[in-house]
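Here the structure is laid out as structure tokens; the discussion comes afterwards.
These numbers come from a predicted model, not from an experiment. Note on naming: letters A, B, ... go to the chains in the order of the sequence lines (proteins, then strands), and numbering restarts at 1 for each one.
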Amino acid sequence: MADKQHLYLVDGSAYIFRAYHRLPPLTNPEGTPVGAVYGYTTMLWKLAQDLDDADGPTHLAVVLDKSSKSFRNEIYSEYKANRPPPPEDLVPQFPLIRDATRAFSLPMIEEPDVEADDMIASYALAAQREGWDVTIVSSDKDLMQLVGEENGARIDMLDTMKDVRVFIPEVEEKFGVPPQLLGDVLALMGDTADNIPGIFGVGPKTASKLIAENGSLTAVLDAAPDMKKSKLKERLLEGREMAELSRVLVELKSDCPLPIALDDMKLEGIPPEPLAEFLETHGFHSLLKRLGAGAGSPGRKTNLDPATPDTAGADPAAHGDSQPLPEMPAVDRSAYECVQTMERLEHWIARATAARLVAVDTETSALDAISADLVGVSLALGPNDACYIPLAHLNEGGGGSDMFAQKPEQVDRKTAMQALKPLLESDAVMKIGQNIKYDINILARHDIMVSPVDDTMIMSFDLDAGRSQDGIGGGHGMDELAERHLGHTCLKFKDICGTGKKAISFGEVPLDRATEYAAEDADVTWRLHALLSHRMPFEGAVRIYQRVDRPLIPVVAHMEREGIKVDRTELARLSETFAGEIGRLEGEIHEAAGEPFTIGSPKQLGEVLFEKMGYKGGKKGKSGQYSTDLSVLERLANEGAGIANKVLEYRQLSKLKSTYTDALQEAINTRTGRVHTSYSLVGAQTGRLSSTDPNLQNIPIRTEIGRQIRKAFVPEDGNVLLAADYSQIELRLAAHMADVDTLKEAFASGEDIHSRTAKEMYGEVTRDTRAQAKTINFAILYGISRWGLAGRLGVEADEAQAMIDTYFQRFPGIQKYIVRTLEEVREKGYSETLFGRKTWFPRINSKNQAERQGSERAAINAPIQGTSADIIKRAMVRMLPALADAGLPDVRMLLQVHDELVFELPQSDVAAASEVIKQVMADAALPAVRLDVPLGIEIGTGPSWDAAH
DNA sequence: TCGCTCACG
DNA sequence: GACGTACGTGAGCGAA
């Protein structure tokens, strides 16, 4: 059987009006406005990219309005009469829309005296009669009348700006009636934009209510005389004729002659040459680059040969040149200014203040913001309009030891800071940074509280989390973003400062080189900001960015500066104890093995166990090495291998010593005497934070010996630590999101959730059934497989499958949630949290089963884990203001560990602070989301982090 | 730089 | 019939 045909009909005219109003006013190299054209081009690009998708187009045509006149003007002269003329700078873009369509080699339909809507209706129904699916690319509510299914052939709509598909349920949700009754609703309510009269005083709400109640427009009008006396009754009686006229006006004409045959709309792929020429002409270089690179190019990739001379030649990036955006010239490092006098600095500050938008970047002597020294600041106000202000540079290779070495001319750092402070703190000036949390913390040490801020790294994350499958910084590092979006290769830090022993600090870099590097960073940040902020409203990233992630930046910055005290003496004592034990175990293991070897080497250990000592069941992984992980060693221990237990103990102690007791001592900051982690807001694809240098989110707790380390996390004298945890938050969210009444009730009544699960599944609660239920509950959150569960529970796969079946039978909502989530991710390419955070899964439709199934499991988990992350982030944003409002300014928020917040506070504040903290955390989803389950909070306090649990 | 192992939620 | 076996992280180590 042939694959199903799928026709996409693009409502081009309507699109450009919308694009015009929502896009910035770009111009092409000739000065012609092209903002709407650019939007239109990217929209076509996106559609063409879906060509090979299961639900993508097989056929596509663009429908344009040729003239504004149609049969409607004949029956109603006022039709569209009050339309204002199109804006001046949109007019020259109309012909360019046609050029763009031709550049994509797409069929274009524009018939005189026929409105685009009617043409779309005619084509849509014709295609549906042939059994084709149809997608109308538009957001016009009139066209929603066409939505529906006929003999298995669907007509739906796609709003590419909001990225939403509209089918019957969406129409019903919006208008309260199914699509076939929509015309009646529209006739009643009228339309100001088209000057369709409708009934005066009847809007969408009343109209859909009346139609839903009476079943049709005629029925509403017929029922009017019998209504009880009211304004509405009068208006219905008076307006009957107008309503009937309106009904005719909103009816789509579906029998227009079809100028192009359906089969001629077949989409075979996009020939690159005409497209490249068009993109070049209008300066759409970022698209041009993608076309040249092949990656992300529209249409079937086989038709877009990157080696085609025209295309490759048209791609400046192929020659290592810089890559501008529309209206953005190539990066020109020679344009940057090195600011060495107060006079020039004042000049830049004045310009930045006037511009109200400035990209800021700080250069420092080290990588961690808490101990690094400020060496210089760069600013950018536009493409190539950037400067570097050196503040603590030494002469080249000066090293600082030669007190007679002359320093380069530069503004005094303190004076410069005083001059910059009003700009960086001004509410009227937006400061843009790439990972600006770093700069916030550097400048905080110079008494500057940078605000308000935008962060290109986080914007990129909120737009594209998960889209890049690898790469440092999760694909949101500046060099990567510059390559991807600007086609520009940044100077690399290591090219400026070198690596390894020969590395110099930034303060030793000669000023000309330093200016090129530092000002480029600010310049590129400014450009990325222009590009990303433009994408955000169209790609649904504004909500999560504005409401959750951006407000979190100063909060997390503050937590990092707070740090937490660790008891160095206690850690040193533990290190020594561990060292003694490790030495003893090492001796015993070597003796058992009959020779000394490196126990920490899985390779050597495997050989000793499975070859020399002859234990059975050694399994080699793909690297050809024996596996010696926990499960293997535990099995050997059970089979009586004494050495296995010793190795396990050795491993545990080495881990604790090297990763924790030794490393944490090193991490104590000499200036503050505390440990300052660095949180990444883009570290985890689901929206969780991650913690590095040191990682304070994986301090041991599960074993008694590991918990010794938590005892070393302490408050200052007179204070206590307070730990507040969300209890079972992910299961609670699963109960809400999957709408499982049984689980929701259990949470509402404060029942033990695993016991409840056991009761539902096995009828009785014992230690065993509860433990099994707990495992299954977690398995569900992670996307279950019978083999995975079997492995965890130590049962056969068949038995595990039976348990999964029982679970789904008892909680059918869960199974529905999983199916629905996967369908949605397959279709849209991303999952979404309750707060609108997207995570992309580019491999969800992979042909490689393992890859695909991995993505499926991650996709099931992401909305739950991500929603949990959103909630605690919202709590963090509100926490300090809430505490301050409650008269508790001395409570300090120190750490976040995914579902836990750690505070340090005076003992006397504990009772009052606990209440506030609990309230803020419990209500963190509100008012945006009202959960069907309560969020339980557990609070503990004590003289150490361990004691607070 | 990679794979292995193991610490956390 | 093989695939490879629970989600999300970061750090230290040994081997190359």
Side-chain angles (χ1 to χ4, degrees), chain A residues 465-466 472 474 597-606 619 621-633 647-648 650-660 662-664 666-667 677-680 682-703 705-707 709-710 725-731 734 775-793 797 800 804 831 839 841 846-866 868-869 872 895-900:
Chain A
I472 305 149
F597 68 100
T598 310
I599 307 165
S601 160
K603 187 171 186 277
Q604 292 186 34
L605 177 64
K619 266 189 210 135
K622 54 184 155 193
S623 60
Q625 256 184 229
Y626 292 107
S627 170
T628 63
D629 69 7
L630 186 80
S631 62
V632 173
L633 292 174
V647 171
L648 283 172
Y650 173 93
R651 280 223 183 118
Q652 182 187 25
L653 292 171
S654 319
K655 173 87 178 177
L656 293 177
K657 181 170 185 293
S658 68
T659 309
Y660 301 104
D662 288 353
L664 280 173
E666 297 289 311
T677 184
S678 170
Y679 289 104
S680 169
V682 300
Q685 310 291 18
T686 52
R688 274 190 176 181
L689 304 188
S690 70
S691 160
T692 57
D693 309 307
N695 182 353
L696 295 185
Q697 291 181 322
N698 72 346
I699 303 301
I701 190 169
R702 292 174 185 170
T703 64
I705 182 144
R707 270 176 33 198
I709 292 159
R710 280 199 180 221
D725 286 46
Y726 281 108
S727 121
Q728 308 286 8
I729 185 166
E730 293 195 2
L731 276 173
T775 302
I776 296 171
N777 273 330
F778 281 105
I780 294 295
L781 297 182
Y782 300 149
I784 198 166
S785 81
R786 74 186 79 168
W787 300 279
L789 185 63
R792 296 273 157 158
L793 291 175
I804 294 167
S831 70
T839 304
F841 294 93
S846 167
K847 294 194 173 60
N848 176 330
Q849 187 182 225
E851 209 168 61
R852 186 178 65 249
Q853 289 177 341
S855 290
E856 286 174 353
R857 291 191 297 270
I860 290 166
N861 180 250
I864 298 170
Q865 188 180 115
S868 160
I872 196 166
L895 303 178
Q896 189 253 40
V897 193
H898 310 308
D899 64 358
E900 171 185 7

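A/Thr775 comes within 4.0 angstrom of a nucleotide base, judged by non-hydrogen atoms across all strands. A/Arg786 comes within contact range of no nucleotide atom at all, as no heavy-atom separation falls under 4.0 Å. Among the protein residues, A/Ser654 comes within range of no part of the nucleic acid, since none of its heavy atoms lies under 4.0 Å from any strand. Using a 4.0 Å heavy-atom criterion, one finds that A/Arg688 contacts the bases of the nucleic acid, with or without backbone contacts as well. At a threshold of 4.0 angstrom between heavy atoms, the contacts of A/Leu781 with the nucleic acid are absent. Residue A/Ile701 is in sugar-phosphate contact alone, with no base atom involved, counting any heavy-atom pair closer than 4.0 Å across all strands shown.
Distance from the side chain of A/Arg857 is smallest for C/dT5 among the nucleotides B/dC6, C/dT5, B/dG9. Comparing C/dT5, C/dG4, B/dT5 by their nearest atom to the side chain of A/Arg651 picks out B/dT5.
Rounding to the nearest 0.5 angstrom, the gap separating the OG1 atom in A/Thr677 from the CD atom in A/Gln697 is 7.0 Å. One distance of note links OG1 of A/Thr775 with CZ of A/Arg792; it measures 8.5 Å at 0.5 Å rounding. A distance of 5.5 Å separates CG of A/Leu789 from CD1 of A/Ile776, quoted to the nearest 0.5 Å. Separation of atoms CG (A/Leu605) and OH (A/Tyr650) is listed at 10.0 Å; rounding is to 0.5 Å. Rounded to the nearest 0.5 Å, atoms CG (A/Leu895) and OH (A/Tyr679) are 4.5 Å apart. Atom-to-atom distance recorded for A/Thr703:OG1 and A/Leu656:CG is 6.5 Å, nearest 0.5 angstrom.
A/Ser678 places no side-chain N or O within donor-acceptor distance of the main-chain N or O of A/Asp693, the cut-off being under 3.5 Å.
The separation between A/Gln853 atom CD and C/dC7 atom C1' is 15 Å, rounded to whole Å. In this structure, A/Asp629 places its CG atom 12 Å from P of B/dA7, rounding to the nearest Å. Taking atom OH of A/Tyr782 as the reference point, atom P of C/dG8 lies 10 Å away to the nearest angstrom. Computed from coordinates, the A/Arg852 CZ to C/dG4 C1' distance equals 13 Å when rounded to whole Å. Rounded to a whole Å, the CD1 atom of A/Ile705 is 12 Å from the P atom of B/dC8. The distance between atom CG of A/Leu789 and atom P of C/dT5, rounded to the nearest whole Å, is 15 Å. The interatomic distance linking A/Ile784 (CD1) with C/dC7 (P) rounds to 12 Å, in whole Å. Distance, A/Lys657 NZ to B/dA7 P: 16 Å, rounded to whole Å.
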* In dot-bracket, 5' to 3', how would DNA chain C read with Watson-Crick or G-U wobble pairs under 3.5 Å, [ ] for crossing ones and | for pairs to another strand? -> ......|||||||||.

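Listed here is the closest heavy atom pair of A/Ser691 and A/Leu696: OG-N, 2.8 Å. Contact detail for A/Leu781 and A/Glu730: the closest heavy-atom pair is CD1-CB, 3.8 Å.
Using atom P as the reference point in both C/dG4 and B/dC4, the two lie 13 Å apart (nearest Å). Comparing the C1' positions of B/dC6 and C/dA2 gives a spacing of 30 Å, expressed to the nearest Å.
Here the side chains of A/Leu653 and A/Ile705 are in contact, with some heavy-atom distance below 4.5 Å.
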* Asked: Which letters describe nucleotides 9-16 of chain C, given B = protein heavy atom under 4.0 Å from base, S = only from sugar-phosphate, - = neither?
  -> SBBSSSSS

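Note on A/Arg702: every side-chain N or O is 4.0 Å or more away from OP1 and OP2 of B/dA7.
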